[in-house]
2 protein chains.
Amino acid sequence: MTAVPPHPTSADVARRAGVSRATVSYVLNNADHAISEETRSRVLAAARELQYAPNASARSLRAGRSNIVLVPVPEAPSTPGVDTVIGHLDGELTKRGLRMLLHGDRTAAGIQGARAWAELRPAAVYLNVRRGTRPAVALLRRAGVQAVLLGGVPTVPYAPCVPLDETAVGRVATRHLLDRGHRRLACLVPRGLPAAFAERRFRAVVETAQAEGASVERVDCDLTTDSLAAAVSRWRDPVRRPDAVYAHNDEFAIALIHTLHETGLDVPRDVAVIGSGNRPLGALLRPTLSTAHFVVPDIARVIASSIRRLLDGQGLDPDVATAVQPRLVLRESA
Amino acid sequence: MTAVPPHPTSADVARRAGVSRATVSYVLNNADHAISEETRSRVLAAARELQYAPNASARSLRAGRSNIVLVPVPEAPSTPGVDTVIGHLDGELTKRGLRMLLHGDRTAAGIQGARAWAELRPAAVYLNVRRGTRPAVALLRRAGVQAVLLGGVPTVPYAPCVPLDETAVGRVATRHLLDRGHRRLACLVPRGLPAAFAERRFRAVVETAQAEGASVERVDCDLTTDSLAAAVSRWRDPVRRPDAVYAHNDEFAIALIHTLHETGLDVPRDVAVIGSGNRPLGALLRPTLSTAHFVVPDIARVIASSIRRLLDGQGLDPDVATAVQPRLVLRESA
DNA sequence: GGGGTATAGTGACACGAGTAACCGGATGCC
DNA sequence: GGCATCCGGTTACTCGTGTCACTATACCCC
């Protein structure tokens, strides 16, 4: 391991171009400071030759902020679709001159996490409303974070919020089942996921159903043969069988349909099944899967645009409300 | 939006504790500098009361490096499992006092990307060997990045490398099919993925098979009914039918098995099928799916430990070689 | 020739933290 | 008493950048 020369600084560029460091700075940030075309090009040439890259630490120390948008993400991208939102978000933010950095948020909970994020002095932070408690937001604000944008429900008064409601897919799916005339529903409640997550979505389904006088059987299960078979076996008896099932997501829906077939029940004739997430496999296996899902690119776009607007002193993107509405994809299974 | 007070600095802590800023620094970094127990606790109390969080920019500017491990990730987590490696990696790095930040690498290609990463002056960068060209690594080194660790094959002479070979799962799966006596193989080559990715894995399968005198039919397809059905239809004729198929990954394997059943072919009696990735659904649908996969937690552990060791001036973790070997999960389909 | 103004460029300071060098006082040892 | 040593703490400099305030030259106009 030979000693490597240190990275060139703006002083090196200045020396090489035969000008002062201030001039280099003005040129490279093309500030509106009069600089002759000739020295400008000399500076640019020197920077290129030295492969100069400004030191982000020094820059954000001086500026008091960075161009970083920090996105704390949960350890496992368990929620299907969340990972893809983030993938799209990166591109959208880049278009707007910002740099997205992901940071696992499992390492520090509560206010500890906020403190860790604050250390980076990002320009903006986009995080789940559950993590964005009032003290956490206050801490980030004091740390100089200009835009703290929350995602999720319920919306809170102390920070702007993209009302991205994961339970909405459950509601939309349920409403479709009701529209088709089903009144005896069932809802899978996965054990593997964080309990509160599955629980909330179940409650949304129940509320939607009860408003129409429909019943909802609760089916706790996980993604194993035994678990699903046990749940399904008692549905052989038509009296105990629901008309339709909301399977929480497409993986469970596919597995459920498979298990129903093995039990001798047909989908959708005996039981209708609907999932959520719009996974590719759902369009492929027979019967093809009906599903409710978010329009990921639209959501990513309004989040990025809202962050940019907040940094520029404006409010949320007005398209937020429509972008967060889930869509239905109707195929054979329900 | 009311004006918020700026974030407290170490000077604020010093003022509150009635000591100098240097003392605060010594206490908070518990350097081996004699400080009385009494002032130490006064400083700690002041820091806690002010919710002081050090400014990472200032710290890394002064130190010339940060505790950041930057991991540029491709826009789409195309390789199933790569995303989960990263999830595990975060935890492993945190255990070792490092902070992982993910950065989309689609925004800037080639040396441009390296320059963007260099701006953050991370302590370490872990990136794919394809992105880690010689000039890119040299640039990072000159930018003060202490540890540049590459992942992937081929290994290169100019930087330490974790030889994580995505084609290895294909080889292991193929070897299993050969061991079972299959000599007429087929291999799915997905169109959706980056071409080179699918192509490399296909070639690995071909090489492994030819060494044993077996043939490999190439099946270009994507994850749609039409595409798979077209491929499978000509297999109704036993003369043209392969003994066994490597389906590239578990999603394709599940879809393929489904299509084969609809065509009237049984798995594994008529055709054996093996995937890779060890997805949960594979253990569930009938026939249960055989699959080759990487042991994600082990891989994450050796990567993290190697980064830590490189920062400490040591070499790669000696367990790297064994950790990157893929494992077979044998179930019903092959 | 004096005063105003635009142009091109420089000097110097601040941002927040880490740390080498220094300093006064108490203690120990011959 | 004289010298070294340890303790507890401070002063002052540094990292790389952005930018305010300033200088110097040239030009124009009354």
Side-chain angles (χ1 to χ4, degrees), chain A residues 5-43 46-47 50-68 115 118-123 142-144, chain B residues 5-44 46-47 50-68 115 118-121 123 142-144:
Chain A
H7 201 70
T9 71
S10 71
D12 295 320
V13 177
R15 237 187 315 277
R16 187 176 181 103
V19 297
S20 76
R21 227 179 39 66
T23 305
V24 170
S25 179
Y26 285 130
V27 169
L28 263 41
N29 299 304
N30 44 18
D32 57 348
H33 191 103
I35 300 285
S36 77
E37 198 48 52
E38 192 240 331
T39 52
R40 169 185 302 279
S41 63
R42 263 220 319 285
V43 168
L50 293 176
Q51 295 201 327
Y52 169 72
N55 183 320
S57 301
R59 183 190 287 235
S60 58
L61 170 59
R62 163 66 220 216
R65 86 191 74 114
S66 58
N67 69 338
I68 290 177
R115 191 138 35 207
E119 286 181 18
L120 284 170
R121 301 292 191 275
R142 262 187 303 133
Chain B
H7 201 70
T9 71
S10 71
D12 296 320
V13 176
R15 236 187 317 278
R16 186 177 183 102
V19 296
S20 78
R21 226 178 39 65
T23 304
V24 170
S25 180
Y26 285 130
V27 169
L28 263 40
N29 299 303
N30 43 19
D32 57 348
H33 191 103
I35 301 285
S36 77
E37 199 47 53
E38 193 240 330
T39 51
R40 168 183 304 277
S41 62
R42 261 218 323 284
V43 168
L44 289 173
L50 292 177
Q51 296 200 326
Y52 169 73
N55 183 319
S57 301
R59 186 193 287 242
S60 57
L61 171 58
R62 163 66 220 218
R65 86 189 74 109
S66 58
N67 68 339
I68 290 177
R115 191 139 36 207
E119 286 181 19
L120 285 171
R121 301 290 191 276
R142 263 187 302 130

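Residue numbering restarts at 1 for every chain, and letters A, B, ... go by the order of the sequence lines.
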- Message: What contact category does A:V19 fall into here, base, sugar-phosphate, or nothing, at under 4.0 angstrom with non-hydrogen atoms?
- Response: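 Sugar-phosphate contact only.
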
- Message: Which residue in the set B:V24, B:I35, B:V27 passes side-chain contact (heavy atoms from CB on, under 4.5 Å) when paired with B:V19?
- Response: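 With B:V19 as partner, B:V24, B:I35, B:V27 yield a single side-chain contact (heavy atoms from CB on, under 4.5 Å), made by B:V24.
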
Partners meeting side-chain contact (heavy atoms from CB on, under 4.5 Å) with [X] (sequence neighbours left out):
{"X": "B:A11", "answer": "B:T9, B:R15, B:R21"}
{"X": "A:A63", "answer": "none"}
{"X": "A:S60", "answer": "A:S66, B:S57"}

- Query: Of the residues in residues 32-42 of chain B, which ones touch DNA chain D at a heavy-atom distance under 4.0 Å?
  - Reply: B:H33, B:A34, B:I35, B:S36, B:T39

- Item | Sequence-distant partners of A:R40, salt bridge (Lys or Arg N to Asp or Glu O under 4.0 Å), two or more places apart |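 Salt bridge (Lys or Arg N to Asp or Glu O under 4.0 Å) check on A:R40 returns A:E37.
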
- Message: Once salt bridge (Lys or Arg N to Asp or Glu O under 4.0 Å) is applied, do any residues pair with A:R42, and if so which ones, sequence neighbours excluded?
- Response: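 Once residues adjacent in sequence are excluded, the partners of A:R42 under the salt bridge (Lys or Arg N to Asp or Glu O under 4.0 Å) criterion are A:E38.
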
- Note on the structure: Whole-Å distance, A:N67 CG to D:dT17 P, equals 15 Å

- Phosphate-side-chain proximity, A:T23 and C:dT10, N/O vs OP1/OP2 below 4.0 Å: yes

List, with names and distances, any nitrogen or oxygen atoms from the protein found under 3.5 Å away from nitrogen or oxygen atoms belonging to nucleotides 11-17 of chain C.
{"from": "C:dG16", "atom 1": "N2", "to": "B:A58", "atom 2": "O", "distance (Å)": "3.4"}
{"from": "C:dA17", "atom 1": "OP1", "to": "B:Y52", "atom 2": "OH", "distance (Å)": "2.7"}
{"from": "C:dA17", "atom 1": "OP1", "to": "B:N55", "atom 2": "N", "distance (Å)": "3.3"}
{"from": "C:dA17", "atom 1": "OP2", "to": "B:S10", "atom 2": "N", "distance (Å)": "2.5"}
{"from": "C:dA17", "atom 1": "OP2", "to": "B:S10", "atom 2": "OG", "distance (Å)": "3.3"}
{"from": "C:dA17", "atom 1": "O5'", "to": "B:Y52", "atom 2": "OH", "distance (Å)": "3.4"}
{"from": "C:dA17", "atom 1": "N7", "to": "B:R21", "atom 2": "NH1", "distance (Å)": "3.4"}
{"from": "C:dA17", "atom 1": "N7", "to": "B:R21", "atom 2": "NH2", "distance (Å)": "3.2"}

- Message: Please enumerate all residues that pass side chain to side chain donor-acceptor pair (under 3.5 Å) together with B:S36, with sequence neighbours excluded.
- Response: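 In terms of side chain to side chain donor-acceptor pair (under 3.5 Å), with neighbours along the sequence ignored, B:S36 is linked to B:T39.
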
- Query: Under the side chain to side chain donor-acceptor pair (under 3.5 Å) test, which residues partner A:R16, sequence neighbours left out?
  - Reply: A:E49

- Would you list the pairs meeting salt bridge (Lys or Arg N to Asp or Glu O under 4.0 Å) in which at least one residue belongs to residues 50-64 of chain B, sequence neighbours left out?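 Non-adjacent pairs meeting salt bridge (Lys or Arg N to Asp or Glu O under 4.0 Å): zero.
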
- Message: I'd like to check the ring-ring contact (aromatic ring centres under 6.0 Å, His included) partners of B:Y52; sequence neighbours left out, ordered by chain and number.
- Response: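 Partners of B:Y52 by the ring-ring contact (aromatic ring centres under 6.0 Å, His included) criterion come out as none, since no residue qualifies.
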
- Query: How bent is the helix from C:dG1-D:dC30 to C:dC30-D:dG1, comparing axes over its five end pairs at each side, to the nearest 10°?
  - Reply: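 Axis angle across the helix from C:dG1-D:dC30 to C:dC30-D:dG1, nearest 10°: 60°.
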
